[in-house]
There are 2 protein chains.
Amino acid sequence: MSIHQKFPIDQWDFKSESILADLPDEDKAILLANQTEQEYDKGEIIFRENSYPSGIFYIVKGKVKKYKIDKNRKEHIIYVANTGELIGYHAIISGDRFPDSAAALEKSVIAFIPKEDFLQTLTVSAFLGTRLLKTLSHEFAVLANSLSIIAQKSVRERLALQLVVLREKYKDHFMEGNAVEINMSRDDLASLVGTARENVVRILSEFKDEGWLMTKGRKIIILDVDALIKVANM
Amino acid sequence: MSIHQKFPIDQWDFKSESILADLPDEDKAILLANQTEQEYDKGEIIFRENSYPSGIFYIVKGKVKKYKIDKNRKEHIIYVANTGELIGYHAIISGDRFPDSAAALEKSVIAFIPKEDFLQTLTVSAFLGTRLLKTLSHEFAVLANSLSIIAQKSVRERLALQLVVLREKYKDHFMEGNAVEINMSRDDLASLVGTARENVVRILSEFKDEGWLMTKGRKIIILDVDALIKVANM
DNA sequence: GTTTAAAGTTGAGAAATATTACTTTTCTGA
DNA sequence: TCAGAAAAGTAATATTTCTCAACTTTAAAC
């Protein structure tokens, strides 16, 4: 049974929304008229929390973490965005500053679309407006779900859950024999789960002892998704 | 110094968004053509998680908790909605089922607006579309902030923070001498903060010993907001 | 007003999580 | 390819948070 059949109500952030994919060509032409592509190295920052947005970003290829930094300079990952996703548009729409920062999780190609072109397309294209509303509502449901998860699940449960979610996001990284490699630093994993790196490492080696996953350097290969789903109490 | 000056970037959920307030009259006429008002008692459920929405709700007067229930039947409050706010529209827009439940926190008057009228207004009114996008983006920022709070702050910090936020929400409940009374059950407070009732009570009495608040039955009166802000590490 | 159920409070021990200090492994660039 | 740096992993200890049980107060119903 696939993950998607198991969880009919999609609040687990399994499928990422691709807004641009089915945008009509004439709208796409306006939106992408002045886009500029740029390559980002692993860890490179795309935009910073509290700065004023001058445009939005489209992930042509790669993965991006959206995160916040607290008073103690500790970082917390809110969301992992994947190839095909649009980021940074919340701030443009709400007229505020960026509520979070974004940085590349791996070498990525990202297109910058100027604010003016985005807003222009929004006034012209009924499709984009409707589509954004839908996407935002959906993202909201996902986030609300994350909130109740993190508040009520133990660190062990949260880690298991994130591994299941990350496995879906890393499905493009295949090994021989259709296993998925999750390639993420323990620090990033920790700030995604909301705990310290040491706890992540300790629980990972417990899961390894159980035979639910194996590691290959920093890479994590999930061997028994169902066991993790059970631990996560999903 | 007021709370709003102190936190210029509104991600703390201090001001609640009132979508209907400045909606043009002709749009409002369509939207409210078939609305029906109803009184809800404290604790009464307005809609249930996972059910199919047949319309949206407008809080004419009162307060509403939006919450989720987990596998262990424990409830977690995601958001406290106030007079003037619109709830339940996410599900209509995204075409999904309700991602959360809603119940009255106090005796409230709530108007029901049929799904068809809402969608009809949305196609007719450019204003409503734009406004909803803005509101959703804002709500998203608030929620993302809550997520990073709950993941990284201690229970003590979270409780202090929620007290500051709730004080703003309960500003209509004045006592003599412009103090604000927060009138919320310890259970609800606990599920808002994400902990057990006992912990809430314990920390509340510590805050009381410090002289930062007083209690009057279940009611909480904040005496020193700045001290709480400091504890919350906001 | 009295009764009674619900809500609130407190303390102690158990469990989970965080912190500190350190070792080992992996990666990177000269 | 090898040294140094960065990341990953381990263990012991400290701290926080949870759970359970007993008890008190409050509020609603009669």
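The analysis underlying the following values was restricted to heavy atoms, covering all of them including side chains, and did not include hydrogens, waters or symmetry mates. A note on names: the letters A, B, ... follow the listed sequences, proteins ahead of strands, and every chain is numbered from 1.
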Which residues share a side chain to side chain donor-acceptor pair (under 3.5 Å) with [X], sequence neighbours left out:
X: A:Lys219; answer: none
X: B:Gln38; answer: none
X: B:Ser137; answer: none
X: B:Thr215; answer: B:Lys208

Would you mind reading off the distance between [X] atom [atom1] and [N] atom [atom2], rounded to a whole angstrom?
X: A:Asp188; N: D:dA6; atom1: CG; atom2: P; value: 16 Å
X: B:Ile150; N: D:dT17; atom1: CD1; atom2: P; value: 12 Å
X: B:Arg156; N: D:dT17; atom1: CZ; atom2: P; value: 9 Å
X: B:Lys153; N: D:dT16; atom1: NZ; atom2: C1'; value: 16 Å

**Message:** If the condition is side-chain contact (heavy atoms from CB on, under 4.5 Å), which residues does A:Asp41 pass it with, not counting sequence neighbours?
**Reply:** A:Glu44, A:Lys107
**Item:** DNA chain D-proximal residues of residues 191-209 of chain B, any heavy atom under 4.0 Å
**Value:** B:Thr195, B:Glu198, B:Asn199, B:Arg202
**Item:** Cationic tip of A:Lys169 above A:Tyr79 ring, under 6.0 Å, 45° of axis
**Value:** yes
**Asked** Can B:Lys66 be said to sit on top of B:Phe98's aromatic six-ring, NZ or CZ under 6.0 Å from centre and within 45° of the ring axis?
**Response** no
**Fill in**
Students should find that the end-to-end axis angle of the helix from C:dG1-D:dC30 to C:dA30-D:dT1, with five pairs defining each axis and rounding to 10 degrees, is 50°
**Request:** May I have all residue pairs that pass salt bridge (Lys or Arg N to Asp or Glu O under 4.0 Å) and include part of residues 188-198 of chain B, sequence neighbours excluded?
**Result:** B:Lys65-B:Asp188, B:Asp187-B:Arg197
Distances under 3.5 Å only, N/O to N/O: pair up the protein atoms with those of nucleotides 25-28 of chain D.
none

**Item:** Validation row: B:Asp96, B:His90 side chains within 4.5 angstrom (heavy atoms)
**Value:** no
**Request:** State, with a plain yes or no, whether a side-chain heavy atom of B:Asp224 is found less than 4.5 Å away from one of B:Glu210.
**Result:** no
**Asked** Roughly how far apart are A:Arg218 CZ and A:Asn183 CG, rounded to 0.5 Å?
**Response** 5.0 Å
**Listed partners of B:Glu37 passing salt bridge (Lys or Arg N to Asp or Glu O under 4.0 Å), at least two apart** = none
**Message:** I'd like to check the salt bridge (Lys or Arg N to Asp or Glu O under 4.0 Å) partners of B:Arg156; sequence neighbours left out, ordered by chain and number.
**Reply:** B:Glu206
**Complete:** Counted 5' to 3', the first and last nucleotides of DNA chain C within 4.0 Å (strictly under) of a heavy-atom of chain B are C:dG8 to C:dA12
